[in-house]
Protein chains: 2
Amino acid sequence: MAKITDVARHAGVSPSTVSYALSGKRPISDETRRRVEEAIRELGYHPHAGARALASSRSNVLALMVPLRAGINVPVVMQFAVSVVTAARRYGHDVLLLTQEEGEEGLRRVVDTALVDGLIVMDVQLDDPRLPLLRRLDRPSVMIGFPASSEGLTCIDLDFMAAGEACVEHLARLGHRVVALVGSPPEVYVRGTAFAQRVVRGFTAAADRGRLASAVHPCEASPAAARAVAEQLLREQPALTGVVVHNEAVLEPLIDAFEGLGLRVPTDLSVTAICPDELAESLRVPVTSIALPAAEVGARAVELLMKKLDGKAVSEATLLAPRMTERGSTGRRAVA
Amino acid sequence: MAKITDVARHAGVSPSTVSYALSGKRPISDETRRRVEEAIRELGYHPHAGARALASSRSNVLALMVPLRAGINVPVVMQFAVSVVTAARRYGHDVLLLTQEEGEEGLRRVVDTALVDGLIVMDVQLDDPRLPLLRRLDRPSVMIGFPASSEGLTCIDLDFMAAGEACVEHLARLGHRVVALVGSPPEVYVRGTAFAQRVVRGFTAAADRGRLASAVHPCEASPAAARAVAEQLLREQPALTGVVVHNEAVLEPLIDAFEGLGLRVPTDLSVTAICPDELAESLRVPVTSIALPAAEVGARAVELLMKKLDGKAVSEATLLAPRMTERGSTGRRAVA
DNA sequence: TTCGACTGTCGAAGCGCTTCGACAACAATC
DNA sequence: GATTGTTGTCGAAGCGCTTCGACAGTCGAA
């Protein structure tokens, strides 16, 4: 395996010149650079990652901690991971995979051993136990999702409030005047992640602004619960024509329930959801939806981390604009 | 950040002694070891990964290359990745995530820069372009799946032939005498992965051994194709009572088709599948199935790699015994 | 012409660890 | 009592790279 001294000798320069030619940290004449590059090619030289890390205290590796708990959508996690790896490569970095199971100690370990230059942490909870550590650490990190307070952190996620608004506005534009939000199970609003509340806030704000009649119903993740909510909705809001669903598990059962109650989608009822595209596409009636843009979040998270590694300041909160994909489940309100 | 010389001074020994106490590569007295451990604890010492890699030419990192192409089952890939990470940690290793997209150059890069000690490659195709490189490399690697020839490689996968056999034997035990295999799309048998053929071989061999009437039908991944195959089967094998499905995409449509043709599962027809448990569980009629044991494959792959890193020989082919989970879709043949 | 200010290159000093050879001290063997 | 092993420790030499300071040469400005 060729080393930098071999390249230097072969190119007739000193090792430090080779290093500078590679890193661009000092000016090198075109002629010298050319000779160095040629020597590198001829010898098949690849710098030794460990030696580099030792001398420069930069490993060019970043850690990605992925969630494991039940209830997460695995394909979305995978999409995200792939986009992080791809984006990291564009910056000459590799990605070390950590599981949530490793927790704070895992993060501490890879940082303390100088294995990684920075951290990306997924599935951040409101009062995530990893937060104090991440705040304290001298290595930069970026989190996906928002904890109770993003102070001193760098967080990125879909703008769930805007997503709630966008759904209502879409329905309003189609002429709907009475709408309802079917949300996550009640416990999600208590513990967990902030995004559920944000959807509610956006939904309500937009409905109020547009003077729509609106109601919000949490819903357990079971077909039975879906059926119950459907019945309740029709009882309490007989004029209902637009529904926003923010609950992957009950989207299909809910549509089934409405149709079972004699409402056709989209003829009698327009349905829009905040859920992965995969799910929205696969239903009998493809659903107009807003998805978590996993690939974009991943790429942006890496960008933010790279900025921080360069010592640049970045904003604590980055919210990605929702993008709605129209499918067959929404239509203009039938005028009676 | 404390370094090994700090620990040494604090414990009143030389750095090399600390190193030996940590690695166990030379005998150290209990008393010295105790003092070293205490110093490590008090100083919060963590060895620098880069320095270690440079001095020992071992990075304690292994690369995992995951597939991206359409048609793979994402949750299974994820299960697999998680089990690799978990198993690797038990051996004190971390895992670098590579995407298939990086291809041979990606593998070459992480090896040439000495970033990783070994490679695990998923989704190996019959004539995978990465094979020549992997054979030539001086670093050990393990592949998931079998190429045309496993010579000079280390491969691991579910024993698909045994899986095909097990399905037939299960049906035979329940009294079925006429069975059919609904397989992958025709093109899979041509290009692609060896496992499809293996299932066929196991299926046929077991049927012949048990003197069952049997037939094999490839099937495109569409509901229409499923319906067509169902009709064809009933036409050609009117006495058919047992079906083995090795085709994720058509499992549900196929059952629907049979029921549409008046056959109840499992009353009139027993169905067993080779597919992820997730899918088998989620169907209206839960299906008796054999799954790819992703977690086990991952753990075993890491074990094999660790053995190779220790310079031990391992067998070229490791086949994991199939495990069948009985669900509602198979039953004793109704005696007319 | 002289003085910075660049530009382009080199040599040397580390980065923090592992490992090899050396060597005491002591036990077991003839 | 000399010889051979073991056990436990140390010092020094590197692993392959980056980076700092030094310095020679060039160029436009004063």
Side-chain angles (χ1 to χ4, degrees), chain A residues 1-37 39-40 43-61 92 109-117 138 309, chain B residues 1-37 39-40 43-61 92 109-117 138 309:
Chain A
M1 200 100 294
K3 23 202 225 184
I4 202 171
T5 50
D6 300 329
V7 175
R9 197 175 325 117
H10 201 272
V13 298
S14 78
S16 52
T17 300
V18 175
S19 178
Y20 287 125
L22 245 46
S23 69
K25 294 192 178 173
R26 288 214 180 160
I28 295 288
S29 71
D30 288 353
E31 165 59 10
T32 303
R33 186 192 311 287
R34 207 194 45 65
R35 290 222 312 286
V36 168
E37 278 163 6
I40 288 177
L43 299 179
Y45 167 72
H46 291 267
H48 187 289
R52 210 165 223 208
L54 178 56
S56 68
S57 38
R58 284 291 218 107
S59 66
N60 290 324
V61 172
R109 180 175 58 80
V110 294
V111 165
D112 285 349
T113 60
L115 239 186
V116 305
D117 295 335
D138 53 342
L309 278 173
Chain B
M1 200 100 293
K3 27 204 221 181
I4 202 171
T5 50
D6 300 329
V7 174
R9 197 175 326 115
H10 201 273
V13 298
S14 80
S16 52
T17 299
V18 174
S19 178
Y20 287 124
L22 244 47
S23 69
K25 294 191 180 174
R26 288 213 181 159
I28 294 288
S29 71
D30 289 352
E31 166 57 12
T32 303
R33 185 190 312 288
R34 208 195 43 66
R35 289 222 313 286
V36 168
E37 278 163 5
I40 288 177
L43 300 179
Y45 168 72
H46 290 267
H48 186 289
R52 211 167 223 206
L54 178 56
S56 67
S57 38
R58 284 293 218 105
S59 66
N60 291 324
V61 173
R109 180 175 59 80
V110 294
V111 165
D112 285 350
T113 58
L115 239 187
V116 305
D117 295 336
D138 54 341
L309 278 172

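Lettering of chains follows the sequences in order, A, B, ..., and the numbering in each one begins at 1.
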B/I28 side-chain proximity, nearest of D/dT9, D/dG16, C/dC17: D/dT9

Hey, does the side chain of B/Y20 come within less than 4.0 Å of C/dC17's phosphate (OP1/OP2), counting only N and O? no

Looking only at heavy atoms, the pair that brings A/A39 and A/H10 closest together is CB-ND1, 3.6 Å

Any idea which heavy atoms bring B/K3 and B/Y45 closest together, and the distance? C-CE1, 3.6 Å

Whether A/S29 contacts C/dT9 is assessed here as follows: a side-chain N or O lying under 4.0 Å from the phosphate OP1 or OP2. Is that the case? yes

Check: B/S59 side chain, B/L115 main-chain N or O, donor-acceptor pair, under 3.5 Å: yes

Taken to the nearest whole Å, CZ/B/R26 to C1'/D/dC10 is 10 Å

Round to a whole Å and report the spacing from NE2 of B/H48 to C1' of C/dC15. 7 Å

In whole angstroms, the gap separating P of C/dG11 from CZ of A/R9 amounts to 13 Å

Among C/dT18, C/dG8, D/dG16, the nucleotide that comes nearest once only the side chain of A/A51 is considered: D/dG16

Atom CG of A/D30 and atom P of C/dT9 are separated, to the nearest Å, by 10 Å

Could you walk me through whether A/E37 and A/R34 pass salt bridge (charged side-chain N to carboxylate O under 4.0 Å, His left out), step by step? CA-CA 5 Å; A/E37 278 163 6; A/R34 207 194 45 65; over 6 Å; no

Rounded distance in Å - CD1 (B/I4) to P (D/dA13): 18 Å

Quick one: is B/S19 getting a side-chain N or O under 4.0 Å of the C/dT18 phosphate, OP1 or OP2? yes

Is there a side-chain polar atom (N or O) of A/K25 under 4.0 Å from OP1 or OP2 of D/dT18? no

What's A/S57 touching, base or sugar-phosphate or nothing? Going by heavy atoms closer than 4.0 Å. nothing

Touch check for B/T32, heavy atoms < 4.0 angstrom, all strands: base, sugar-phosphate only, or nothing? sugar-phosphate

Quick check on DNA chain C: between A/V13 and B/A55, whose nearest nucleotide comes earlier from the 5' end? A/V13

Please determine whether a side-chain nitrogen or oxygen atom of A/S16 lies at a distance below 4.0 Å from atom OP1 or OP2 of D/dC20. no

If each of B/V18 and A/T17 is mapped to the nucleotide of DNA chain D with the nearest heavy atom, which maps nearer the 5' terminus, i.e. the 5' end? B/V18

Have a look at B/P47 and say if it touches a base, only the backbone sugar-phosphate, or nothing, with a 4.0 Å heavy-atom cut-off. sugar-phosphate

Between CG of A/D117 and P of D/dT18 the distance, given in whole Å, is 14 Å

Could you measure the distance from the CZ atom of A/R9 to the CD1 atom of A/I4? Nearest 0.5 Å is fine. 12.0 Å

Tell me the interatomic distance from A/D6, atom CG, to D/dG16, atom P, rounded to whole angstroms. 9 Å

Rounded off to whole Å, could you give me the CG-to-P distance for the B/L22 and C/dT19 pair? 12 Å

